[in-house]
Amino acid sequence: EAGVVQSPRYKIIEKKQPVAFWCNPISGHNTLYWYRQNLGQGPELLIRYENEEAVDDSQLPKDRFSAERLKGVDSTLKIQPAELGDSAVYLCASSLVLAGNNEQFFGPGTRLTVL
Amino acid sequence: KQEVTQIPAALSVPEGENLVLNCSFTDSAIYNLQWFRQDPGKGLTSLLLIQSSQREQTSGRLNASLDKSSGRSTLYIAASQPGDSATYLCAVTLIFAGGTSYGKLTFGQGTILTVHP
């Protein structure tokens, strides 16, 4: 079974440029998460989807970040315009929420460098 | 606000040693706790998941325990190997009043483990 797929794996951009990350979750997983991981830190949630609905986006900087999950499968996270402080690893995770279990599986991440 | 702390921040041991990584959390109303491994430049690999009603989980040389009332979990690695070198992260999800999972994982900062031959 394929795991969570993310692309690109690496991205280097100039500040003020736009950037987009793509995630394909594990087949059948209804919940999708975007996390950001700064160097030396644990990941922090940006947004959580249940099917197509964003049920928790309280930590998403909405002035420059946007996300979508069309058809409840793939998801795209966009930053426009990027700032130096956005340099981080962006991780996508998915889970199948069943009674008593919410194990999350992570993709390899996209390492973003903003110059 | 849930806070997760991991001790030690870094650990270096010779091959073959048994070791313990510690995780503590401030809010005991958790749904479950997950231990992950992260290799440099890679994503997170789920190692063990402990439900709030469970006391421990085992997988091969790994054993994770959970004491919800004291807000602590430990990850025990038996007979460590150089291939175990990685960052180990613990994370918890909170529980809603209705008993369902809040979903969001709150992570500690990780323990960097080095096992030298």
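Chain letters run A, B, ... following the sequence lines, proteins first and then strands; every chain starts at 1. We use all heavy atoms of the structure for the numbers below, so side chains are in, but hydrogens, waters and symmetry mates are not. Since this is a predicted model, take the numbers as computed values, not measurements.
With respect to chain B, the highest number of heavy-atom pairs below 4.5 Å among A:P43, A:G109, A:G107 belongs to A:P43.
For A:E44, the CD atom is loosely surrounded, since the number of other residues' heavy atoms within 6.0 Å does not exceed 12. Heavy atoms of other residues, nucleotides or ligands lying less than 6.0 angstrom from CZ of A:R9 number more than 12. Summarising the local packing, CG of A:L115 is surrounded by more than 12 heavy atoms from other residues, nucleotides or ligands at distances under 6.0 Å. In A:K62, the NZ atom is crowded: over 12 heavy atoms of neighbouring residues, nucleotides or ligands sit closer than 6.0 Å.
Contacts of residues 67-77 of chain A with chain B at a heavy-atom distance below 4.5 Å are absent; not one residue qualifies. Contacts between residues 34-46 of chain B and chain A, counted as heavy-atom pairs separated by less than 4.5 Å, involve B:Q34, B:F36, B:Q38, B:G41, B:K42, B:G43, B:L44, B:S46. Proximity to chain A among residues 108-117 of chain B is limited to B:G108, B:Q109, judged by heavy-atom separations below 4.5 angstrom.
B:L19 is connected to B:L75 through a chain of hydrophobic side-chain contacts under 4.5 Å among Ile, Leu, Val, Met, Phe, Trp and Tyr, so both are in one cluster. Both B:I77 and B:I50 are members of a single hydrophobic cluster when ILVMFWY side chains are connected at heavy-atom separations under 4.5 Å. Note on A:Y49: it does not cluster hydrophobically with A:L45, by side-chain heavy-atom contacts below 4.5 Å among ILVMFWY residues. Following chains of ILVMFWY side-chain contacts shorter than 4.5 Å, one can reach B:V4 starting from B:L48, so the two form part of one hydrophobic cluster. Tracing side-chain contacts under 4.5 Å through hydrophobic residues (I, L, V, M, F, W, Y), one never reaches A:F21 starting from A:V89; they form parts of separate clusters.
Only the side chain of A:Q37 comes within contact range of chain B, judged by heavy atoms closer than 4.5 Å.
Using modelled atom types, one side-chain atom of A:Y35 and one backbone atom of B:L105 make a donor-acceptor pair closer than 3.5 Å.
Atom NZ of B:K104 sits about 13.5 Å away from atom CD1 of A:I47, to the nearest 0.5 Å.
Within the structure, the disulfide bond (SG atoms under 2.5 Å apart) test picks out the following pairs touching residues 21-97 of chain A (sequence neighbours left out): A:C23-A:C92.
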